[in-house]
Amino acid sequence: MRAVVLALTVALVVPEFALDKTYVYKYEALLLGGLPHEGLARAGIKVSSKVLLSAVTEHTFLMKLMDPLLHEYAGIWPKDPFVPATKLTSALAAQLQIPIKFEYANGVVGKVFAPAGVSPTVMNLHRGILNILQLNLKKTQNIYELQEAGVQGVCRTHYVINEDPKANHIIVTKSKDLSHCQEKIIKDIGLAYTEKVKSLIETATYNYIMKPAAAGVLIAEATVEEVHQFSPLKTQTLAFVEIEKTPVVPIKADYLARGSLQYEFATEILQTPIELMKISDAPAQIIEILKHLVANNVAMVHDDAPLKFVQLIQLLRVATLENIEAIWAQFKDKPVYRRWLLDALPAVGTPVIVKLFKEKFLAGELTIPEFIQALVVALQMVTADLETIQLTSLALHEKIATIPALREVIMLGYGSMIAKHCVAVPTCPAELLGPIHEIAAEAISKNDIPEITLALKVLGNAGHPASLKPIMKLLPGLRTAATSLPLRIQVDAILALRNIAKKEPKLVQPVALQLVLDRALHPEVRMVACIVLFEAKPSVALISSLAGALKLETNMHVASFAYSHIKSLTRITAPDMAAVAGAANVAIKLMSRKLDRLSFRFSRALQLDFYYTPLMVGAAGSAYMINDAATILPRAVVAKARAYLAGAAADVLEIGVRTEGLQEALLQSPAADESVDRITKIKRTLRALANWKALPTNQPLASAYIKLFGQEVAFVNVDKTIVTGPKPRELLKAALKALQEGIALQYAKPLLMVEVRRILPTAIGVPMELSLYTAAVAFASVNVQATITPPLPEEIETMTLEQLKKTDVQLQAEARPSVALQTFAVMGVNTALIQAAVMARGKIRTIAPGKVAARADILKGNHKVEALPVEVPEHIADVSFETLAVVRNIEEPTAERIVPLVPELAMQNAQTPADYSSSEIPDQAALRSATPFHKTLCLAVPYIEIKGCIEVHSHNAAFIRNDPLFYIIGQHSARASVARAEGPAVERLELEVQVGPRAAERLLKQISLIDEETPEGKAFLLKLREILETEDKNVRVSSESSSSSRIISSSSSSSMSSSRMTEVRTWDYMAPHGASKAVSSGSTASSFEKIQKQAKFLGNAVPPVFAVIARAVRVDHKLLGYQLAAYFDKPNARVQLVVSSIAENDNLKICADGAVLSKHKVTARVAWGPECQQYAVIAKAEAGVLGEFPAARLEVEWERLPIIVTTYAKKLSKHIPMAAFKAGFRLERVSNADKEIELTAALPSQRSLNVIARIPEMTLSRMDIPLPIALKGEIFKKVGGGDMSPLSKTTHPHPPGIAPLSTMTSYMSKDQWNFISQFMTHVILIW
């Protein structure tokens, strides 16, 4: 016997099935989804049966299943048992026990035959068993590799044959690498525009124990284990039981050819994995769901609206064209039903729908906006086959050719469908692009610029390598004819190469590099070519060549753009860009570091990304800004977002804007003069932009485009026709007329935002699916009614501007916007008969009702807005996320079992991840369960008596492993609610603004300020001082109790800081700031005090310019709220704002007082507290020159601040030394003024800034700080002109590079100073 075994290892023969025998095997298959940790829920199915194999002829066999049984599993692994799916097994028993016929020769399974009564799903289960019998055994080799056919396609297979002499059998191990297949069986939906980044781990291992038999070998036992990354575990066992004499007999029916061993997709393509629907009468079910959606989304969006919308789409996919046309005919005249249908039909994604839309539009049943909206979605969702591509020939229809926007949508969709078709059929013919090539050639011959642009965008969407030659005819530098074309055509031609570069990078790389290095081309063309070059993922040699050429680059925009692009690529971590990142790291060393210091006025590229390798998820963002040396506006701005998921990547969104028309207008204006200063240039630019009407009508001012998943779906050219639309006055009149008539609107907008599916067969013969669905429904109910006095004339066009000014408009509006969103991520089995999967389900629902009343009396200058009570639901926002194990079958659709992935069983010994030092938690903790986190936070808003609450619940599996994935799985929810708090009810909230002389009349409480010189004022101040001194004494007592510990920590901190700043040189020329007070500061303060003494409260001398009252009107009529009054003293250029409480016996006030003292000095004082006497801050700002340099200075002094401010300021000051050290500032410990901060900045050159900051106890300074933009030299010319007069002097010491403040003079024009002074006044007052 040993000799026989040894012979078999050298010359193994095929498995034997004798003609006169029936071989009985025990078969079991298991597919189980979920994480492989005990104590967590899992979902799956199990198939068990006896398998009878009987030979009919030498190469034809019959296989029959006996006593088949299907089991379901949804429970806590491993304690919960499998549950027999009795009803489903009974329903399938007749099919399962029908014998099938198959060809089998030399261990290879050939054709498969079965009666028509055997469904595709059952046939695939049989294929899973036959797949075990597939053995390509060679007679002369023990270890070998080949491409072997199987259920999952033709894949790389590795064989190892070993001998076990003791057991007298042969062990055959077969390993399949499912990620390397010549023909892989897979179905992708919604992934046509994705790029493969990294292959998932997919492998199947077959182990056979084979025993010698009379004429060959007998398969005694076979086990199969299949592993997919992020997917369920799949196992099979086939064990020999016995040999029977009774042969398997086929049934009396025609055995039809049913394909080969390879899996055949059935109805799972039409079955969404998030819910199992039993479709018996599709038209009736469609109508039922339509009525449900219409009836339950009236006042607000219903919770289940997104799921119902997905169900509607699924039913429409099953329905025939005749069914859909009948439903359309029934509901097309009902607006609400019509809108729901028009939103659902485009997402069906079948050629039937595109044909339907085409017929209905040509028949006049669809409006142009409806048709455009439907096509934009339908052409992206539809399955791209030759029939569908031919449907887009409707772009040539005479009715559509006259509508440019509609034609553009169809043409762009044509390119997208070709791109999708070529993904499914890599050998797609170039003839598909023939019509577009002809259109492009004709447009070039006629110099039809819009048509050339459209053709390039279509070719860019298609991304077919055959389009490279037509596109190159339009590239500058490569063809002489292209140089005469507008710049935007050249740019569009380069951008059309981007999708080609993804397929054939080697074809695009040399073209893009040649364009980048051609200095004769426009800089924008070269920079756009740089974008294309790096998207083509060049090699290290190409990037190094570019880096070497940039050493001699004369155009700083091109140099800055390329350098910043290469530098940002060095930080990329995504796997698809790893080689490019490595090459960029090499190339950046060859480039000059001076390019790193170029300012932001030069063109820039930026790329950022994040990638988490264990979960294979990530995100990336790119931004490109192409500037022009001659103008201040960027020529182009592009932003792109990219996403990574499960080994695939996609450019989710891209938006680009170009300003070519505006650029030409600026270049033809004096704004392009480089000799003028920046302020003059800005003025000229604004003046040039105001003259845009002088441009030709056919020349676009700007253009923009939007791309979804790398496909351009829309673009727009902004020209004079668009800008010169209806005049604002006409629009206002139309709006008033609509308001007077009243607006009542209820509108729902559903959207299938994401549908991404990957269906792949398993060795068992059951399809496994990874999918992501996101659906949302937005609903708004709006009611607006206006009362206009006097009423508008019947012919509103005759209304004059004076009549409009005298109009009193009262408006009342109520709106209830609501949004419901549901997202599902599913992994598991999805068939028309049974679903067993692990699911992550997220829900968001928000409702934000509001009711307002407004009045605008233009003549009287009174404007009022009221927020009125409105009924709110229990929760205005509800967010939830949960992970579940789900199993359901078609025979018991209502008996689905749903188990949370993380069971909510709070064990007393549950531990947190922090209890373990490593990321792995010991096995004994596996059966524990985490304690859920639950917390409710509430906050009551005073005065308006409204209480808001947020309730948070979280329960995850982090107790098993300290890993982001385990923090995600579980159940998480957050709910927000708003309700009336305890206290008197609030009738309404009011905000009223009164402008003009009537402002004083609208004030609800007389405003007055205490005069310190009067007896009443002195008594008030004395009482306030006593209160403040008591408060200070309490603070000192509490602080002294911990002074010793503070001293210890302070000394250790001081020693650490001094050791870290050994290189910081002591500024021996810096005297303490408190040694003397600046003359300029003194003069500023005295002049401001002099103005204040003239009238401390301007309200005693002048009426308020405007008044603002904000209050809550309660049922008890108690006044609550605040009022603001603004006063202006024009002779002294002084502004005063007073905010006071309108509540009785509340003297809290905020007083802001500011004045422009001269054309280069401004000061302000902000005080608050009782009668504005408790706290005060004074801010002073001035600008001029410091020695020979332009400079500015800001001083902030305070008399008293709230304790909370000083407490946090002291804590913050401890971190200043280290922050200053890291920021490059020098620090000197000096005794500056205790209650003053001073910041001085000077410009020693056009590209640098000197800064010195004095704060209590320390002085910070830094010299030669580089500026992001270079300032124009006109400022320095004025400084050195010698026509300056001294303004003020200071005894402050000064840092190097800043001369003493002996001649501080103005260097700006009067108008500029007036503008800056007023602006600074407003900023300080607001602060």
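Position 1 is the first residue of the sequence, and the numbers go up from there.
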Contact check, side chains of [X] and [Y], non-hydrogen atoms, under 4.5 Å:
| X | Y | answer |
| --- | --- | --- |
| N862 | E992 | yes |
| F309 | L307 | no |
| L965 | L35 | yes |
| V782 | Y747 | no |
| I76 | V899 | yes |
| P900 | Q971 | yes |
| I1216 | I1255 | yes |
| L290 | L312 | yes |

The single option from K843, H292, Q311 passing side chain to side chain donor-acceptor pair (under 3.5 Å) against D304
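With D304 as partner, side chain to side chain donor-acceptor pair (under 3.5 Å) holds for just one option, H292.
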Partner of Y773 by side chain to side chain donor-acceptor pair (under 3.5 Å), out of E755, Q822, R841
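Testing each of E755, Q822, R841 against Y773, the sole residue satisfying side chain to side chain donor-acceptor pair (under 3.5 Å) is E755.
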Ring center gap for Y1127 and F1097 short of 6.0 angstrom:
yes
Atom [atom1] of [X]: over 12 foreign heavy atoms under 6.0 Å:
| X | atom1 | value |
| --- | --- | --- |
| K749 | NZ | yes |
| K864 | NZ | yes |
| I1204 | CD1 | no |
| Y612 | OH | yes |

Hey, are T823 and T774 close enough side-chain-wise for a donor-acceptor pair under 3.5 Å?
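Side chains of T774 and T823: pair found under 3.5 Å.
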Whether the N783 and E814 side chains hold a donor-acceptor pair (N or O, under 3.5 Å, no angle test) is what I'd like checked.
no
What do the steps show when you test L752 against V377 for side chain to side chain contact (heavy atoms under 4.5 Å, CB included), and what is the final call?
CA-CA 10 Å; L752 181 61; V377 179; over 6 Å; no
Working to the nearest 0.5 angstrom, can you tell me the gap between [X] [atom1] and [Y] [atom2]?
| X | Y | atom1 | atom2 | value |
| --- | --- | --- | --- | --- |
| R1002 | F1106 | CZ | CZ | 16.0 Å |
| S977 | I950 | OG | CD1 | 9.0 Å |
| T272 | F824 | OG1 | CZ | 9.0 Å |
| R975 | R845 | CZ | CZ | 12.0 Å |
| T1206 | W1198 | OG1 | CH2 | 10.0 Å |
| L772 | M753 | CG | CE | 10.5 Å |

Checking the side chain of [X] only, and the main-chain atoms of [Y] only, is there a donor and an acceptor separated by less than 3.5 Å?
| X | Y | value |
| --- | --- | --- |
| N297 | H302 | yes |
| S1141 | D1146 | no |
| K851 | V870 | no |
| Q1174 | A1167 | no |
| S781 | R816 | no |

On the 0 to 90° scale, with breaks at 30° and 60°, tag the H972-F881 ring pair as parallel, tilted or perpendicular.
parallel
Quick test of your reading of the model: are R1114 and D1116 salt-bridged, counting only N-O distances below 4.0 Å?
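Salt bridge flag = yes for D1116 with R1114.
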Nearest heavy-atom pair of [X] and [Y]: which atoms, and what distance?
| X | Y | answer |
| --- | --- | --- |
| I1007 | A1125 | CD1-CB, 3.6 Å |
| G970 | T883 | N-OG1, 2.8 Å |
| G742 | Q785 | CA-OE1, 3.6 Å |
| N956 | V902 | O-CG1, 3.7 Å |
| M839 | P273 | CE-O, 4.3 Å |
| A813 | V784 | CB-CG2, 3.9 Å |

Begin with the C-alpha distance, continue with both residues' side-chain angles, and end with the deciding distance and a verdict on side chain to side chain donor-acceptor pair (under 3.5 Å) for D343 and Q373.
CA-CA 9 Å; D343 286 324; Q373 173 188 304; 3.1 Å; yes
Test E1199 against R1165 for salt bridge (charged side-chain N to carboxylate O under 4.0 Å, His left out), laying out the working first.
CA-CA 10 Å; E1199 300 172 7; R1165 182 178 186 272; 3.2 Å; yes
Start with the C-alpha gap between D878 and I844, add the side-chain angles, then the distance that decides, and say whether side chain to side chain contact (heavy atoms under 4.5 Å, CB included) holds.
CA-CA 6 Å; D878 194 336; I844 298 176; over 6 Å; no
Full working for side chain to side chain contact (heavy atoms under 4.5 Å, CB included) between V298 and Q746:
CA-CA 7 Å; V298 180; Q746 288 186 345; 3.8 Å; yes
Take V1139 and Q1123 through the test side chain to side chain contact (heavy atoms under 4.5 Å, CB included) and record every step on the way to the result.
CA-CA 6 Å; V1139 179; Q1123 61 184 15; over 6 Å; no
Between E951 and H934, does the side chain to side chain donor-acceptor pair (under 3.5 Å) criterion hold? Intermediate values first, please.
CA-CA 8 Å; E951 183 182 355; H934 189 90; 3.3 Å; yes
Audit row: Y644, Y611, ring-ring contact (aromatic ring centres under 6.0 Å, His included) steps and yes/no
CA-CA 8 Å; Y644 295 89; Y611 190 82; 5.6 Å; yes
